[in-house]
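What follows is a short report on a single structure.
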Amino acid sequence: MEYEAVIGLEVHVQVKTESKIFSSVGVGFGAQPNSLTDPVVLGFPGVLPVINREAVEKSIKVGMLLNGSIPRVTKWDRKNYFYPDSPKNYQISQFDQPICSGGELEIELKGPSRNVMGEHKTIALTRAHLEEDVGKLIHLENESLVDFNRAGTPLLEIVSQPDMHTPEEAYAYLTALKMLLIYGEVSDCDMEKGQLRCDANVSVRPVGQKELGVKVEIKNLNSISGVRNGLAYEIERQIQVLEGGGTLAQETRGWDAAKGMTYHMRSKEESHDYRYFPDPDLMPVRIDHQWRDRLHASLPEKPFDRQRRYFDAYGLPYTLTSVLISDPELCHFFEEAAKRAKRPRQAANWIVNNLLGELGRAGLTLSESKVFPDQIAQLVNLIGEGVISKNLAKERVFPEMFKTGDNPAAIVQARGLGQSESAEDLEKICSEIVQANPDAVAEVLSGNKKAINFLKGRVMRATRGKANPALVGSLLEELIAEKG
Amino acid sequence: MPGEIYFKTLAQLQEALASKSISSVELTRDHLDRIQAVDGRIQAFNSWDEEDCLRQAEASDERRAAGRIKGPLDGIPVGVKDVIAVRDQPLTCSSRMLEHFVSPYDATVISRLKNAGAVLLGRLNMDEFAMGSSTENSAIKITFNPWDTSRVAGGSSGGSAAAVAAGELPVSLGSDTGGSIRQPASFCGVVGLKPTYGLVSRFGLVAFASSLDQIGPLTRTVGDAGRMLQVIAGHDPRDSTSIDTSPPDYSEGLAEKKGPWKLGVPQEYFAEGLDPEVKAAIEAAIDWYADRGCEIVEISLPHMHLAISVYYIIATAEASSNLARYDGVRYTHRSDRAGDVVDLYFKSRAEGFGEEVKRRIILGTYVLSSGYYDAYYLRAQKIRSLIRQDFTKAFAKVDGLLTPTSPFVSFKAGEKTRDPLAMYLSDIYTISANLAGIPGISLPCGFNSQGLPIGLQILGEPMEEANLLAIAHSFERAHDFTDRHPNPAPPD
């Protein structure tokens, strides 16, 4: 029998803010345990939460980027459960009036090759809600410790509909979501630091069947490839159980990346009754038109929209755009260069193929680059105007720009690399070389075309390499033809 | 300073300090002596630190000598219910659970008291986590009524009321979730004010029922209640439910003659269960207002009879969640008999909480459970809106409502401890003010045949405390109830 998987993803993203969601303590990663705390974060008797405006605004922006509907009023509820990483034994979350309802995310599946764009799809979303993160348990041999540094970090939970069918779609979803969140400056999405976390719900059903199969939730999917691999394993496992005549149980399973398999964590019967109720310590937040409009005006261009603009406005090829749009900072760099470069496509080429390559080899990031967008534009224009050849630019000018941060024109000047300004001068030099080397001329005339290279070399030496080799070639050919 | 210092009003002490006829150290020492002398019988205090009190008083005297007093309470001893956080002081909530907890921070009201120069004198006893009406639910001690030490002080702010009544303190702070300031004030013959919800910051008040809790003063006079409110009221950015306006001058209108007012008498408050002597005293007060030219209007609050049920759903639901943090993991009592973490939760909470607290946690957990939420919590919220509407309609017609504070006077210790429902009825006249968020004041309006105080409750419109104080003050200054003091000596 043919089976089809149905996948929904729950993504938790830490919203990048100065301070925690309900107190003025700073947020961070890797600080001394329990140093990023205060009586509010620790849930001491008598403390009260106050909502962080920045967290709300960034969450609304995410909702808008996801084309979700932003309610007129949003509120917070208490999710009650006991666990030692939770300072109050309830989590302030959102139950029935989340900050964003519905929405969708455009994703791109892998293309047939690196150079060819893959299929685009739209994945429907259920909601996004803003809540507080919990602390972290550290289990030692005979005891457990709690670090509350992470507790109270604003956390936006983005829930998709069961709208995906392959691990590759889930992979593409997370890639696209990550890109969107980075564009919105909502999060750096560093999964190793726990800034982005993902749980997956997956079931399988015979192709053609309408009803969903038994749902399994997978946790501990700690990377984007972990999501893909975990889902691939779990789908195969479920199909095998069904094929073997077995039945599936609704359960929560963990992903063991080292062993490459999922394992049983808890069954549905053990699930909590969270006893949600509106948090009486917080007032509902009204999102009026002015606020909405202001946030809307501050939204960035979405990654795929930008890619389409790069195709249309600059005629960039897919491969260049896919590298550029993965990094908004790089896009900004490119667009700055493109403003001055007479051939923007060449600018993109230089950035993607040369600058990124050099930075990579030097172990530097774009913000550490000594080369600025203007200088890329200059370089492209010097080549376009025939002042230097592409080869010269690549071999001598760009490496020096990269090392020193000097302007390409200055390097050309200082090193005397400029190609002869007038065709007359070059013609004179070529003529002298032809006169001085009758043997070589004769050889060319006798049919040995390669002999012209000797003459070319002489011209290049005479011009100290500044001449345009193509121009030299055609001049020499003309002069020799006159002799013949 | 002539006369007994213990029963001076805040206003008189402010004047005495200002005229330097007494120093803050003398005043503080006198009250500490009084505590030494009578608190063994009253048991209003959970703890106090004599050295620290005198240090605060010395600092105040130095400020006054240098002509740099901080504010209106400079040098005045103030007691604080053991549910409000004072930095470096115990915060027990009269519970085993927090027996050893010391607060690392100040509540907003405490910062305000400190900025006004107050000498924070000690921690006052209460029902555990403010759950109760007699202070018999304290895990530390029972507070007795200074008028008759075989009787209860009321609750949950029993310590705050008894200490003021017994002359151990001129003023104190309490908290009121369903009547916990007004009812003990009425039992002990002092003034107790529950402000409008949101007028006084709750930051640093250990939560019982967040949507009902409010901090307020217990004082000898109505004027003193206004003076205390002036210090503690006002917007606090650390409390999201705090109202963002600047409070008016509460002393205005107390000096000059105000009124006459249009006053309402809700029929539902004079039904079955009201003690005849209490009823007579309240009716006499109503007559006094009528004689003064006030128009007395009969008012109906048709949803009154649902108030207790609604209260015990909403308050316990919120409490079940608010008290979840006391789990044995960090700063609370921790059972030393526990195995794994779940066992630690069960045993620490079983050992750390008293009967009444457990009863309310269980009730609150039940009403929030899936399948019951709509029938209980949601329905209670809807009825709460109706109760609020009842008051809105009433205040469209009148300036204030006159009612008894409690259906009965102080009862014998142990009399109602076995019957929680009978105990809950002590608050029948006070809890609807918390459900509606409106202000209420209790002031002495007479004594019964056994010499026990009776309290008159006046309810007002939200944020109309100035008006409420003026109505209460006009009655107070025409009577001498606040001039009578108990003599809490052993009755041999």
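Chain naming here is simple, since letters A, B, ... match the order of the sequence lines and numbering starts at 1 in each.
Between B:Tyr331 and A:Leu42 there is no side-chain heavy-atom pair separated by less than 4.5 Å. Looking at heavy atoms from C-beta onward, B:Leu368 lies out of side-chain contact with A:Arg78 at the 4.5 angstrom threshold. Using a 4.5 Å cut-off on side-chain heavy atoms (C-beta onward), A:Val146 and B:Arg330 make no contact. Side-chain contact between B:Gln381 and A:Phe277 is absent, with no heavy atoms from C-beta onward closer than 4.5 Å.
No other option in A:Ser144, A:Pro45, A:Pro280 has as many heavy-atom pairs under 4.5 Å with chain B as A:Pro45. With chain B as partner, the option from A:Gly43, A:Pro278, A:Pro49, A:Gly46 having the largest number of non-hydrogen pairs under 4.5 angstrom is A:Gly46. In terms of heavy-atom pairs under 4.5 Å with chain A, the best-connected choice from B:Leu91, B:Thr241, B:Val83, B:Leu344 is B:Thr241. Note: B:Ala324 leads B:Ala324, B:Ala107, B:Pro104, B:Gly371 in heavy-atom pairs under 4.5 Å with chain A. Looking only at heavy-atom pairs under 4.5 Å with chain B, the residue among A:Ile51, A:Val47, A:Leu282 that has the most is A:Val47. Between chain A and the residues B:Pro237, B:Ala85, B:Gly204, B:Ser103, the largest count of heavy-atom pairs under 4.5 Å involves B:Gly204.
A donor-acceptor contact shorter than 3.5 Å is absent between the side chain of A:Asp273 and the backbone of B:Ser369.
At a heavy-atom separation below 4.5 angstrom, chain B is approached by A:Pro39, A:Val40 within residues 14-40 of chain A. Contacts with chain B (heavy atom to heavy atom, under 4.5 Å) involve these residues of residues 80-93 of chain A, listed by number: A:Asn80, A:Phe82, A:Tyr83, A:Pro84, A:Pro87, A:Lys88, A:Asn89, A:Tyr90.
If you measure heavy-atom distances from B:Ala209 to chain A, you find no contacts under 4.5 Å at all. Contact annotation for B:Thr365: both backbone and side-chain heavy atoms come within less than 4.5 Å of a heavy atom of chain A. Residue contact with chain A, scored on non-hydrogen atoms closer than 4.5 Å, involves the side chain of B:Tyr373 exclusively. Contacts between A:Tyr276 and chain B at a heavy-atom distance below 4.5 Å involve the backbone alone (N, CA, C, O). Of the two parts of A:Asp281, the backbone and the side chain both hold a non-hydrogen atom closer than 4.5 Å to a non-hydrogen atom of chain B. In this structure, the portion of B:Leu98 lying under 4.5 Å from any heavy atom of chain A is its side chain and not its backbone. In this structure, chain A has heavy atoms under 4.5 Å from both the backbone and the side chain of B:Asn322.
Residue A:Lys215 places its NZ atom among 12 or fewer non-hydrogen atoms of other residues, nucleotides or ligands, all under 6.0 Å distant. By the neighbour-count criterion of 12 heavy atoms within 6.0 Å, atom OH of B:Tyr105 is densely surrounded, having more than that number from other residues, nucleotides or ligands. For B:Arg388, the CZ atom counts as densely surrounded, since its 6.0 Å shell holds more than 12 non-hydrogen atoms of other residues, nucleotides or ligands. Summarising the local packing, CD of A:Gln250 is surrounded by more than 12 heavy atoms from other residues, nucleotides or ligands at distances under 6.0 Å. Few gaps surround CZ on A:Arg197; more than 12 heavy atoms of other groups in view lie less than 6.0 Å from it. Few gaps surround CZ on B:Arg359; more than 12 heavy atoms of other groups in view lie less than 6.0 Å from it. Crowding of A:Arg292 atom CZ: a count of heavy atoms from other residues, nucleotides or ligands under 6.0 Å exceeding 12.
Partner of A:Leu48 under the side chain to side chain contact (heavy atoms under 4.5 Å, CB included) criterion, chosen from B:Asp239, B:Asp236, B:Leu205: B:Asp239.
Rounding to the nearest 0.5 Å places OG of B:Ser242 at 10.0 Å from CE of A:Met283.
Proximity of the aromatic rings of B:Phe101 and A:Phe44 is defined here by a centroid distance below 6.0 angstrom, and this criterion is met.
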